[in-house]
Amino acid sequence: MAVRKKLEGYQFWEETLKKARYVVAPMVDQSELPWRLLSRRHGCQLAFTPMFHAALFSREESYFRDAMQTCPEDRPLIVQFCANDPNVLVQAALLAQDHCDAIDLNLGCPQSIARRGHYGAFLQDDWDLLRRMVSAVHERCSVPVTCKIRVFNDIQRTVEYAQMLEKAGCQLLTVHGRTKEQKGSLTGLASWEHIKAVKDNVKIPVFANGNILNLQCVEKCLKETGTDGIMTAEGNLHNPALFEGRNPPVWEMADEYLQLVRENPCQLSAVRGHLFKLWHHSLQIHTDMRTALAQGKTFDSLVAVSEEMRKRCQEEASKPGADQPTNGLPFPHWICQPYIRPRGDQKERELANKERPPKRHLIQEGENAGLSRNQIKRRMRYPHKNFISKGLGPWIACEKCGNPKGLNCVFNLCRACCKVQAHAEKMDCPSHRLWFKTKEERRKLWEAKKRQRENTIDAPADNKSPDPDNPQNSVQKEDSSMTAQVDEKCETNGKETQALQHGEGPVLSEKASEVSPPLIQDPKGAENAEELPDVKNGDIQDSPPTKVCLLDAE
């Protein structure tokens with residue numbers, strides 16, 4: 001592959017970007033390949049990819065494969081990354097440089113996820129880190145590095161910010177004329193005055209971003225700011241033909257986009273998001289189709305919703321007088337036109353430009369109003385909504401920590417504080433189901449019963465006159481009588497055996513069967529052999545242990 005000559009500044013803008021003036025902004029899950037191709041067909045001269053996470057882009061092959069979807073018609077193209085580490089950003093840039101014309105660093109994302117990840121607009125105060133990241137890409141990559149930024153409240157600080165990036169190696173700067181606090185319902189108007197100040201104090205190309213609704217806004221912004229190009233995001237999403245100065249029917253743009261998706265498949269979430277934007281004004285009237293579009297799980301189901309919307313809008317357009325604007329819009333709802341955000345007053349704008357209040361203020365306000373911290377934050381966004389809980393009203397604070405106390409706590413504390421207090425004093429709190437006193441009393445009672453039981457077992461061993469009614473004494477008495485009987489019988493058998501040895505006993509017959517059976521001692525000391533059960537050959541019969549008699553050797 002031939003090594004390209006790295007161009008800088010205006011030479012890069014003129015030769016590589018072909019003096020692009022109409023630019024489609026990088027939009028997460030919205031500026032994918034089919035939408036970029038649609039925008040290029042209708043006046044777009046330069047497009048950005050969605051914002052990619054540099055760490056995932058360089059580490060995961062599947063993420064890289066899904067992200068880098070492009071084609072020869074998709075040029076010039078700039079790939080945008082979010083990052084907070086110079087090495088990680090360079091690794092991602094090296095992978096993408098052969099598929100694009102420049103690498104853009106996102107320094108304008110104001111969303112909460114950017115705050116948590118420490119990237120986007122939340123890096124604008126860390127100038128040392130930004131200087132190192134931009135310089136690393138500028139020195140090690142074969143394509144130029146560009147930046148997209150948001151402004152500070154102070155114009156002079158914004159100018160110094162832009163000049164710092166220029167010195168670090170940035171070759172093109174996109175300036176969004178809003179601060180990082182201006183977002184959501186507090187977006188407000190972008191300041192073209194900040195953009196103009198940046199353009200007048202840097203020597204690299206500058207693109208303006210903010211307040212672009214139609215082609216008239218494009219021409220007006222170019223005239224007032226003197227920038228080299230205009231970037232648009234929401235205006236392009238609602239009307240892809242914005243740079244042509246046309247307002248075509250929605251179904252025309254929707255059908256053309258869906259055909260490009262068939263040729264260049266992309267994520268279903270991107271397709272659903274674009275249809276929501278295109279049909280935005282019509283879905284306010286046909287609310288049932290809004291639900292169907294949100295619940296669509298396949299590409300064909302989304303196409304069916306778009307077809308149904310086209311059918312309904314064409315029927316309305318065929319009626320007499322249908323070309324009159326509706327719902328305060330400049331055109332009928334089925335015509336591509338911008339969505340104008342409700343503008344907040346000056347007080348809301350000033351509130352948006354301020355830093356968040358300290359947490360101690362939120363805690364104090366919550367204690368006074370009986371609200372949680374999340375409820376306080378939501379009430380700041382929606383001041384007309386009532387967040388006071390119904391029923392019991394504001395809770396009573398714990399005397400130690402300020403959390404809600406138990407309704408019937410004996411110490412007037414929350415459960416955590418009550419547990420510590422009850423354990424220290426060995427007290428019960430039925431409200432919090434804590435039973436330290438009861439458990440201590442049960443433990444003492446159990447130990448007393450255990451000692452009494454041990455004393456009862458050890459008592460007969462120490463008593464010299466055992467109780468005749470005690471079952472153990474009767475057993476010992478029975479055992480001693482049985483032992484005496486066995487000794488007496490053993491002595492008798494010993495004498496008989498000795499008499500037989502001297503020939504004084506009965507004469508034995510020749511057959512063993514004629515010998516008289518000997519006396520067998522049964523377990524109860526009975527001598528009657530007839531009462532014993534018969535034992536057959538091969539049978540094993542249990543018998544009580546027999547006492548062995550040791551005969552005198554003499």
Side-chain angles (χ1 to χ4, degrees), residues 20-28 30-31 44 46 48 51 80 104-111 114 120-125 146-163 165 170 172-202 204-239 242-243 277 337-355:
R21 295 170 63 87
Y22 301 150
V23 186
V24 171
M27 298 171 286
V28 176
Q30 294 285 269
S31 55
C44 170
L46 171 64
F48 283 65
M51 180 192 72
Q80 187 185 73
D104 186 74
L105 177 60
N106 185 326
L107 301 176
C109 181
Q111 303 302 325
F122 299 96
L123 292 177
Q124 65 180 12
D125 292 320
T146 67
C147 296
K148 185 175 186 292
I149 66 173
R150 286 198 170 215
V151 300
F152 291 92
N153 291 325
D154 183 19
I155 294 180
Q156 183 58 34
R157 182 165 175 80
T158 303
V159 171
E160 295 174 358
Y161 181 40
Q163 291 174 340
L165 295 173
C170 178
L172 186 146
L173 200 59
T174 302
V175 183
H176 188 168
R178 294 184 175 93
T179 64
K180 69 176 184 293
E181 290 80 21
Q182 288 182 268
K183 59 182 179 179
S185 60
L186 301 178
T187 297
L189 294 176
S191 174
W192 288 355
E193 184 180 0
H194 286 69
I195 301 174
K196 184 180 186 304
V198 171
K199 172 60 182 174
D200 294 341
N201 289 277
V202 297
I204 57 177
V206 176
F207 291 160
N209 182 213
N211 303 343
I212 306 301
L213 302 178
N214 47 46
L215 188 59
Q216 290 75 20
C217 294
V218 172
E219 300 299 334
K220 182 178 179 181
C221 184
L222 286 173
K223 183 178 179 180
E224 293 188 11
T225 62
T227 53
D228 303 286
I230 299 297
M231 177 183 286
T232 180
E234 281 200 4
N236 168 260
L237 292 176
H238 289 277
N239 182 12
L242 180 147
F243 292 126
K277 294 290 186 180
Q337 54 194 306
Y339 167 67
I340 301 177
R341 291 176 177 271
R343 297 181 180 178
D345 56 12
Q346 185 65 22
K347 184 177 180 180
E348 289 182 343
R349 184 174 179 180
E350 292 177 358
L351 178 62
N353 292 333
K354 292 181 180 179
E355 295 293 334

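Not measured: the values here are computed from a predicted model.
- Below 30°, between 30° and 60°, or above 60°: for Phe243 and Tyr22 the angle between ring planes is below 30°, a parallel geometry.
- Between Lys199 and Gly226, the shortest heavy-atom contact is CE-O, 3.2 Å.
- For Thr227 (side chain) and Phe207 (main-chain N/O), no donor-acceptor pair under 3.5 Å exists by modelled atom type.
- If you take NZ on Lys196 and OG1 on Thr225, they are separated by 8.5 Å, rounding to the nearest 0.5 Å.
- For the pair Lys148/Phe48, no side-chain contact is recorded, criterion being any heavy-atom separation below 4.5 Å from C-beta on.
- The two residues Ala25 and Ala233 have their closest heavy-atom pair at CB-CB, 3.9 Å.
- Going from atom CD of Gln30 over to atom CG of Leu237 covers 5.5 Å, rounded to the nearest 0.5 Å.
- Residue Glu160 qualifies as enclosed at atom CD: its count of foreign heavy atoms under 6.0 Å is above 12.
- Side chain of Asp228 to backbone of Val206: a donor-acceptor contact under 3.5 angstrom is found.
- Shortest non-hydrogen contact noted between Asn236 and Leu242 is N-CD1, 4.4 Å.
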Item to complete: Please step through side-chain contact (heavy atoms from CB on, under 4.5 Å) for the pair Gln124 and Ile149, ending with a clear verdict.
Response: CA-CA 8 Å; Gln124 65 180 12; Ile149 66 173; over 6 Å; no

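- At distances below 3.5 Å, at least one donor-acceptor pair connects side-chain atoms of His238 with backbone N or O atoms of Lys277.
- Minimum heavy-atom separation, Asp104 to Cys147: OD1-N, 3.3 Å.
- Closest approach of Thr232 and Ile212 over heavy atoms only: OG1-O, 3.7 Å.
- For the atom pair Glu181 CD and Asn153 CG, the distance stands at 6.5 Å (nearest 0.5 Å).
- Counting only distance, with no hydrogens or angles, the side chain of Glu219 and the backbone of Gln216 share no donor-acceptor pair below 3.5 Å.
- Ile204 has its side chain out of reach of Thr146: every pair of non-hydrogen atoms, C-beta onward, lies at least 4.5 Å apart.
- For the pair His194 (side chain) and Asp154 (backbone), a donor-acceptor distance under 3.5 Å is absent.
- The backbone N or O of Ala197 lies less than 3.5 Å from a partner atom in the side chain of Asn201, making a donor-acceptor pair.
- Atom CG in Leu172 sits 12.0 Å away from atom CG in Leu165 (nearest 0.5 Å).
- Although no hydrogens or angles enter the test, the distance criterion places no donor-acceptor pair under 3.5 Å between the side chain of Arg150 and the main chain of His176.
- Considering Asn106, Val28, Leu105 in turn, Asn106 is the only one that fulfils the side chain to side chain contact (heavy atoms under 4.5 Å, CB included) rule with Gln80.
- Between the CG atom in Leu213 and the CD atom in Glu234 there is a gap of 9.0 Å [rounded to 0.5 Å].
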Discussion item. Quick one, Val151 with Thr179, criterion side-chain contact (heavy atoms from CB on, under 4.5 Å). Give me CA distance, side-chain angles, the key distance, then yes/no.
Written reply: CA-CA 5 Å; Val151 300; Thr179 64; 4.3 Å; yes

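- Side-chain contact check for Gln163 versus Val159: some heavy-atom pair is nearer than 4.5 Å.
- Considering all non-hydrogen atoms of both residues, Cys221 and Ala208 come closest at SG-CB, 3.7 Å.
- Between the side chain of Arg178 and the backbone N or O of Lys183 there is no donor-acceptor pair closer than 3.5 Å.
- One distance of note links NZ of Lys180 with CG of Leu123; it measures 10.5 Å at 0.5 Å rounding.
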